[in-house]
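Residue numbers start at 1 and run along the sequence shown. Both counts, for ligands and for their atoms, begin at 1 and track the order of listing.
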Amino acid sequence: MVTKDIIYVGVNDRLIDLFEGQFTVPEGMAYNSYIVFDEKIAVMDTVDKKFGDEWLTNIKTAIGDRKPDYLIVQHMEPDHSANIVKFTDAYPEAVIVSSDRAFKMMQNYFERDFADKRIVVKEGDALSLGKHTLNFIAAPMVHWPEVIMTYDSCDKVLFSADAFGKFGALDADEDWACEARRYYFGIVGKFGAQVQNLLKKAVNLDIEIICPLHGPVLKENLGYYIDLYNTWSSYGVESDGVAIFYTSVYGNTKNAVGILMNELIKSGCTKVAVTDLARDDMAEAVEDAFRYGRIILATTTYNGEIFPFMRTFIEELTERGYRNRKIGLMENGSWMPVAAKTMKKMLENSKEINFTGTVVSIHSAVKKENEEQIKALAKEILQ
Ligand code: FEO
């Protein structure tokens, strides 16, 4: 129960291996759906294809002999839209309410645009259910172009589509920010400007509860969640410390990273987050790169460029608009190290990037002069 009139009818997915075909979700995933009860009944979004029957049972249990009047479709990504046809088969008299763009997507997905039973809404439109009024907010690219969000002015609830969501089923006992941050930067990270636009609209609403399409309903301390979204979407620095991202073929670059880590700690750095890009979760690495303001990239020269996992990692950052960071570089190479130059070039179009003057350049294994470079790099990255 979200409020007296709003009930949760979503599902937990503990069968999933990769969310959106790429993100590991060891604690599963939740596909949220809600019912707003009034003189009219509105169902907010559907769920992933695998859970259509469970979801329809949840609806039936909640509404009994009543019938839903509306299905509000806020987002057409299949984890939320896959059961639209199943819903209309079960409730042929219900009207689908969504954006013009979403109905075009329905045509693409289902070869139906529901022209005989639809209401097309846009920013500023409202739908009265009785005492509840659903006010629609355009939220393009948070994180698809057709997205609308919905504000119920009666219960002061924002149905926020993918925004404020997280990985993890609702029965997972885990920190919100950790999996919400990995979700945000993995999925929405490129669209910081659009999230900022949304937050500007949200400021004008009196919100007491946020109902996202993934993760828990947020009822308390909303400022905490909104502040984090503001930091993330403005590419701000969330945490003090240094994040080191490395690849190592035979352990020599890893050895240099260990020496750097000790130097940073000796210099008073309270948090050093180290990621082996070949072995650790790439989405965790991406969220850490956006979390900290100071990062070190350490990799091997490989095929005249850089080791593949580092290449992928930097591409993951640049395609999400990586910016506003201080970066130190460490390279290794047995005959002609070019990794630092390659990494710098890959980041040349990223805004507000400040590279340290010191570059650690190792030939095969760490020598005395490299130890001096590492000390200098530690000092400079912390300045
Ligand atoms: Fe949860 Fe963008 O779908």
**Student:** For Phe313, which of Tyr322, Phe245, Tyr246 qualifies under ring-ring contact (aromatic ring centres under 6.0 Å, His included)?
**Tutor:**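 Among Tyr322, Phe245, Tyr246, the one meeting ring-ring contact (aromatic ring centres under 6.0 Å, His included) with Phe313 is Phe245.
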**Student:** Checking one value in my table: which N/O/S atom of Glu77 lies closest to atom 2 (Fe) of ligand 1?
**Tutor:**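 Minimum-distance N/O/S atom of Glu77 relative to atom 2 (Fe) of ligand 1 is OE1.
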**Student:** Could you pull out the atom name of the N/O/S atom in His143 that is nearest atom 2 (Fe) of ligand 1?
**Tutor:**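 Minimum-distance N/O/S atom of His143 relative to atom 2 (Fe) of ligand 1 is ND1.
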**Student:** Answer yes or no for Lys271 and Tyr292: cation-pi contact, defined as NZ/CZ to six-membered ring centre under 6.0 Å and angle to ring axis within 45°.
**Tutor:**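 Judged by the rule, Lys271 and Tyr292 form no cation-pi pair.
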**Student:** Kindly indicate whether a cation-pi arrangement holds for Arg320 with Phe290, taking the cut-offs as under 6.0 Å to the six-membered ring centre and within 45° of the axis.
**Tutor:**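 Because its charged atom misses either the 6.0 Å distance or the 45° angle limit, Arg320 does not stack over Phe290.
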**Student:** Does CD in Glu348 sit with more than 12 non-hydrogen atoms of other residues, nucleotides or ligands closer than 6.0 Å?
**Tutor:**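 Yes, the 6.0 Å shell around CD holds more than 12 heavy atoms from other groups.
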**Student:** As a test of reading the structure, name the N/O/S atom of Asp79 that is nearest atom 1 (Fe) of ligand 1.
**Tutor:**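 Of the nitrogen, oxygen and sulfur atoms in Asp79, atom 1 (Fe) of ligand 1 lies nearest to OD2.
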**Student:** Could you tell me whether atom 2 (Fe) of ligand 1 has an N, O or S atom of His75 under 2.8 Å away?
**Tutor:**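 Checking His75: at least one N, O or S atom is under 2.8 Å.
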**Student:** Below 4.5 Å, heavy atoms only, C-beta onward: do Tyr250 and Ser364 meet side chain to side chain?
**Tutor:**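 Counting from C-beta outward, Tyr250 and Ser364 never come under 4.5 Å.
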**Student:** Can you confirm whether Lys67 is buried at NZ, in the sense that more than 12 heavy atoms of other residues, nucleotides or ligands lie under 6.0 Å from that atom?
**Tutor:**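 Counting other residues, nucleotides and ligands, NZ of Lys67 stays at 12 neighbours or fewer.
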**Student:** Do you know which N/O/S atom name in Asp162 is closest to atom 1 (Fe) of ligand 1?
**Tutor:**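 Closest to atom 1 (Fe) of ligand 1 among those atoms: OD1.
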**Student:** When you measure from atom 1 (Fe) of ligand 1 to each N, O or S atom of His214, which atom gives the shortest distance?
**Tutor:**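 Minimum-distance N/O/S atom of His214 relative to atom 1 (Fe) of ligand 1 is NE2.
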**Student:** Look at the N, O or S atoms of Glu20, main chain and side chain alike, and state whether any lies under 2.8 Å from atom 2 (Fe) of ligand 1.
**Tutor:**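 It does not; every qualifying atom lies at 2.8 Å or beyond.
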